[in-house]
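Within every chain, numbering begins at 1; the chains are lettered A, B, ... in the order of the sequence lines, protein sequences first and strands thereafter.
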Amino acid sequence: MSDLWLLKGLKTGIVTEDLKSIAPFHQKHIAYAVASECPVNCISDGYVDMKKCIQCGICTNSDKTVLDNEDLFRIESKFDKKIKKSIFIFVVDGGSCNACNMEIHNMINPVYDLSRFGISFTNNPKHADLLLITGVITGQLDPAIKIAYESMPEPKKVVRIGVCSISGGIFDKGIDGISENCIVAGCPPDPVTILKAILSLCGMV
Amino acid sequence: MGEIMRIKNNYLLYNGASYYLGNSIKSFENRHYTEKTEEFVEKSNGIFRFRYGPLTGGLMESHAWDVYTNGERIIKVLPVTGYKHRMIKFGDYVRSVMIAERIQGNFAVSHAISLLNAIESIEDIVPSENIIKIRMIASEMERIYNHLFLIVREMEAGSLSVAQYRFMHLYEKILRLNGDLFGHRFLFGLTSVNRITKPRLNMHIFLKKLDILMADFGTIIDILYNSRIMMDRLQTGYLTMEEAHNVTGPAARGSFLNVDDRTSYIEKFVPASGYIYYNGSALSRVYVRIIEIMNSAKLIEALISDEISCKCSRMVHRLSDNAVISRIESPSGDLVYAVEIDRDAHKIKKAAMRSSSALNIDGFRKSIIKNSIFTDFHFNFESFGIMIGELDAGGDLENV
C-alpha cells in the first residue's frame, strides 16, 4: 500500500508552488466596472473598493472604463518584532457562508503548504498568536469571539477575512467590538492572498 | 398581513394548506401537518452531558452539539444551531440571487438555480437551452468539488494524511478550473434571471483538463481501495433503509435508497446507489460520493457533446399565481425553495427554504448513537455533508 503511495508521489513530483509565482485569483477578473450597476456600491473615484466588492460579476460583463483595484489586503499594525518561532492561528466563523472557511482550510493544501512557513492551526485560543475572523459576526457569536480574543496571550493580532467580516458585504453588518490589525478583501479571498497577508503581518516577507 | 409561508418539520405551511416536502420529487404531496416531539433522555447515573462547540476544532462552521455520553459511548446528540443566523432579507431578483448564493457559499449554484427556477417559473420566463446547459455543468462542477472536499474531511478525520493531501491537491485544481471557466472558484455570480456568465474557456479545452484530473482521481481511488485502514475506520454510523427515508442525497443513496431529483430533469440519468456497497455506513456514503464524482464528470462530457439534454428546464410545483415550490438536487441532496413574488415590483415577497442539511442532520443523529464513541463523531458527521450555513439561514427567509 505504502509503496503505491510512494510511487504515485514520485511520479507527481513536488506540487508546492512558490508564492511569488501565484497571482491572486480575483484580481485579474475585476477589470471593467460601471458604478451604477454595482449592488454594493464598491465603485467610486476610479477604484474598485475590494473591501466591499462581493465579486458578483455584474461589472465584468460591462465593456466600460478600466479601473484599478485597491490593495487586496491592508495591514494596520504589524507585530513589533519579527516572529522567530512558530505562529499559531485560531479561526473563528462569525457567520460566514463557509466559502472563506474553505479557503482558509485550503492553505494547508500541498499547493500552498502553510506549514513550510512554520504556521499552523490551533484549536485553543490560549495557544494562538493570530485570530482569523470570517463572516458578518452575528449577535450570537459576538460574545464567544470576545472570550476567544481575551484568552489569547500577548502579543496577538486580529485578521478579518472576506468582505462579510470587513463591511458586511451583501448582508447587514453584525455587532462587532474587536478592532482588526489586518484585513483581507475578497468574496472569498483566495488562499494565496490570505497567506501573503499573514506573512506580511508577521514580518516574514 | 398576508398569508404565512413557513417550512417546519419538512412541511410547507402556506395559505392554510400544508405540503409534505419529502426527500425527492416523487414524494411531494399534500399531507396533513403533524408536530414532531423531541424524545427525552432520562437522567441516570453515568450519563454525562457536555457541549461541543460553537468555536472549536473539528467543527468547520459555528454550531454546537449537546453530547450525552455513558463512558465512551454516545447515547444521544442534540444540535444547537442559530449561531450563524444572519438577517437575510430578499429584495429585487438580482440581489436575491446573490444572497441565495451566499446562504451556503459552497452550494452557491444549487441555491441560485433553485431560487431562479422559482422566479422564472412565476414570471413565465423560459431560459434558452444554452443557459440550462451551462447551469447544469456548473451544478455538476459544484457537486464534484463538494464531494471531493467531504472526502478530504473524511481522510483528515481518519488520519489518512497521504490520501488527504492527494485529494486536497485535486480539490485545488478543480477550484482553479472553476475559476478559469466561470471566473469564480466557488461559482458565485454565475447566473441570474435568464442570464448566464459567458464561459471564459473553450468547453473542449475545459473537458480535456477535467479528463486529466479525473484520471488522477481514478488512480488515487485505486490505491485507496486497497487501504484496510480506511475500510475499518469508516465502518461506522450505520443508517438502515427505513431510517434513510427521512434523509436525502448521498446519505440516502448510501443507505440503499434510489432518490435523486436529477432523474426528473436530466435525460437518461441513473443515480449512484449504495445497494452494492456495504451497509449504510459512513464508508458506504463515501463510496457513493466517489461514484458520483465520476458520474458528474461523465455527465458534463455528455452535456458538452450534446449526447444528452435536460428533460425539462425546471422542477416546480405551482401553489398559486404568484407562488411556487422549486427543487433541485444540491451536492448534499434535495434542496427546496418556496417563493411568493410581487409581480409589479419584481421583488420577492416571501420565501422559505428547506435545505438538504435539515433532513440529513436527523439521519446523523440516528446513526451516531449506534455503538459509536466520540472518535466516530467526525467520520459520521462529514459523511452526511451537513452544512450549517443553510441550516441557520434567518431573516425574511424561513427554514426548518
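Ranked by heavy-atom pairs under 4.5 Å with chain A, the first of B/Asp222, B/Val162, B/Ile388 is B/Val162. The candidate from A/Gly9, A/Gly135, A/Gly94 with the greatest count of non-hydrogen atom pairs under 4.5 Å with chain B is A/Gly9. When each of A/Asn109, A/Asn124, A/Val111, A/Asn123 is scored by its heavy-atom pairs under 4.5 Å with chain B, the top score falls to A/Asn109. For the set A/Pro110, A/Pro191, A/Ala99, A/Cys100, the count of heavy-atom pairs under 4.5 angstrom toward chain B peaks at A/Pro110.
Residue B/Phe186 touches chain A through its side chain alone, counting heavy-atom pairs closer than 4.5 Å. Neither the backbone nor the side chain of B/Phe167 comes within contact range of chain A; no heavy atom of the residue lies under 4.5 Å from a heavy atom of that chain. Contacts between B/Phe182 and chain A at a heavy-atom distance below 4.5 Å are absent for every atom of the residue. In this structure, chain B has no heavy atom under 4.5 Å from any part of A/Ile147. With a 4.5 Å cut-off on non-hydrogen atoms, B/Gln164 touches chain A through its side chain but not through its backbone. Interface residue B/Ala163: backbone and side-chain heavy atoms are both found under 4.5 Å from chain A. With a 4.5 angstrom heavy-atom cutoff, B/Ile103 touches chain A only via backbone atoms. Contact of B/Leu190 with chain A is not made at all, since no heavy-atom distance falls under 4.5 Å. If you measure heavy-atom distances from A/Ile108 to chain B, the contacts under 4.5 Å come from both the backbone and the side chain. Neither the backbone nor the side chain of B/Val97 comes within contact range of chain A; no heavy atom of the residue lies under 4.5 Å from a heavy atom of that chain.
Checked by atom type and distance alone, the side chain of B/His184 pairs as donor or acceptor with a backbone atom of A/Cys187 at under 3.5 Å. Without hydrogens or angle criteria, A/Gln140 side chain to B/Gly82 main chain gives a donor-acceptor distance under 3.5 Å. Distance alone, capped at 3.5 Å, is enough to place a donor-acceptor pair between the B/Ser62 side chain and the A/Asp93 backbone.
Side-chain contact, B/Glu172 with A/Asn106: a donor N or O sits under 3.5 Å from an acceptor N or O. Under 3.5 Å, the side chains of A/Ser96 and B/Arg102 contain no donor-acceptor pair of N or O atoms.
Between atom CD1 of residue A/Ile104 and atom CE of residue B/Met60 there is a gap of 8.0 Å, rounded to the nearest 0.5 Å. Here A/Asn98 contributes atom CG and B/Glu390 contributes atom CD; the two are 10.0 Å apart, rounded to the nearest 0.5 Å. In this structure, CH2 in A/Trp5 is found 5.5 Å from CG in B/Leu224, a value given to the nearest 0.5 Å. For the atom pair OH of A/Tyr112 and NE2 of B/His169, the computed distance is 10.0 Å after rounding to the nearest 0.5 Å. We find the CD1-CD1 distance between A/Ile170 and B/Ile88 to be 11.0 Å, quoted to the nearest 0.5 Å.
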Margin query: For a side chain to side chain contact (heavy atoms under 4.5 Å, CB included) check, start with the C-alpha distance between A/Thr12 and B/Arg166, then their side-chain angles and the critical distance, and finish with the verdict.
Written below: CA-CA 10 Å; A/Thr12 312; B/Arg166 283 266 153 225; 3.2 Å; yes

Next item on the list: For side chain to side chain contact (heavy atoms under 4.5 Å, CB included), just list the numbers for A/His105 and B/Val152, CA-CA rounded to whole Å, side-chain angles, deciding distance to a tenth of an Å, and then say yes or no.
Entry: CA-CA 11 Å; A/His105 185 270; B/Val152 166; 4.1 Å; yes

Next item on the list: Evaluate side chain to side chain contact (heavy atoms under 4.5 Å, CB included) for A/Glu103 paired with B/Leu175, printing each intermediate quantity in order.
Entry: CA-CA 10 Å; A/Glu103 290 293 47; B/Leu175 288 185; 4.2 Å; yes

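The 12-atom threshold is not exceeded at CD1 of A/Ile14, counting heavy atoms of other residues, nucleotides or ligands nearer than 6.0 Å.
At least one side-chain heavy atom of A/Phe90 sits under 4.5 Å from a side-chain heavy atom of B/Leu55. Using a 4.5 Å heavy-atom cutoff, the side chains of B/Met87 and A/Phe171 are not in contact.
For B/Asn106 against A/Cys97, the heavy-atom pair with the smallest separation is OD1-O, 4.0 Å. The shortest non-hydrogen separation linking B/Thr219 to A/Lys8 is CG2-CD, 4.1 Å.
Salt-bridge formation is not detected for the pair B/Lys173/A/Glu17: no Lys NZ or Arg NE/NH1/NH2 atom is positioned less than 4.0 Å from an Asp or Glu carboxylate oxygen. A salt bridge does not link A/Asp190 with B/Arg185: none of the charged nitrogens is closer than 4.0 Å to a carboxylate oxygen.
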